[in-house]
Amino acid sequence: MLLADAREAIVTTCQELSRTGLVVGTAGNVSVRAGDLVAVSPSGLRYADLAPELVGVHRLDGTAVDAPLAPSSELPLHLGIYAARPECGAVVHTHSPAATALSALADEVPAVHYYVAMFGGPVRVCRYATYGTDELAANAVEALRDRTGCLLGSHGAVTIGPDLATAQDKSVYLEWLCDVYLRASAAGSPRLLPAAELDAVAAKLAGYGQQRQ
Ligand SMILES: [Zn+2]
């Protein structure tokens, strides 16, 4: 099977996103790029029924290569991001509750916690556009400039990474960050971290964790 590993990883990720409540029903979509091919979750299928062979493979221009079902309606969003961000190897789009709530309220997720450094700085909320449109894809690409995550206005969240594990992890951190901001701003006016502190944290995060020898 073409891109077998990527298609299996997409199934695992979609089911994990569903199990942990980052998506409800058939919402959300996930893709992985390998060379000039993109594997993307199909449209409107319950994640419990998803299987690797049902994950479609398309070219970067959207042409189907091996896709038994219609692709996610947000295929233009995924392809637009890959076109603009050559370093990007995976895209995760969710309708996670805190991120979606905030996407209807704010213009950005400010530096309420140092985790915003993980995304390159305060996370932007892009202008609303109808789901599945090229306009939404363009708005998201703009909001993702110098960032690895953004919110889609009155819609949900997008995270990107060099691989699917990274993009998925970021979707969890972004949801947590949005939840913290909603709680803090519901209780008062949260203190925000200065840009210089975010730069220091970004440098620290770059060396954080288990480094490969
Ligand atoms: Zn969506």
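Just so you know, ligand 1 is whichever comes first in the structure, and atom 1 is the first atom listed for that ligand. Treat the numbers as computed from the prediction; the structure is a model and nothing was measured.
Residue pairs meeting the side chain to side chain donor-acceptor pair (under 3.5 Å) criterion with at least one partner in residues 148-166, sequence neighbours excluded, are His93-His155, His95-His155, Thr148-Lys170, Asp163-Thr166. The list of side chain to side chain donor-acceptor pair (under 3.5 Å) pairs with a residue in residues 114-128, not counting sequence neighbours, reads Arg127-Asn139.
Between the Arg33 side chain and the Pro86 main chain, a donor and an acceptor come within less than 3.5 Å of each other. A donor-acceptor contact shorter than 3.5 Å links the side chain of Gln15 to the backbone of Tyr47.
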- Item | side chain to side chain contact (heavy atoms under 4.5 Å, CB included) between Leu174 and Leu151, worked out | CA-CA 9 Å; Leu174 182 53; Leu151 302 188; 4.0 Å; yes
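Protein-derived N/O/S atoms nearer than 2.8 Å to the Zn ion (ligand 1) total 3, waters excluded.
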Could you list the donor-acceptor pairs under 3.5 angstrom formed by side chains in residues 186-198, with sequence neighbours left out?
none

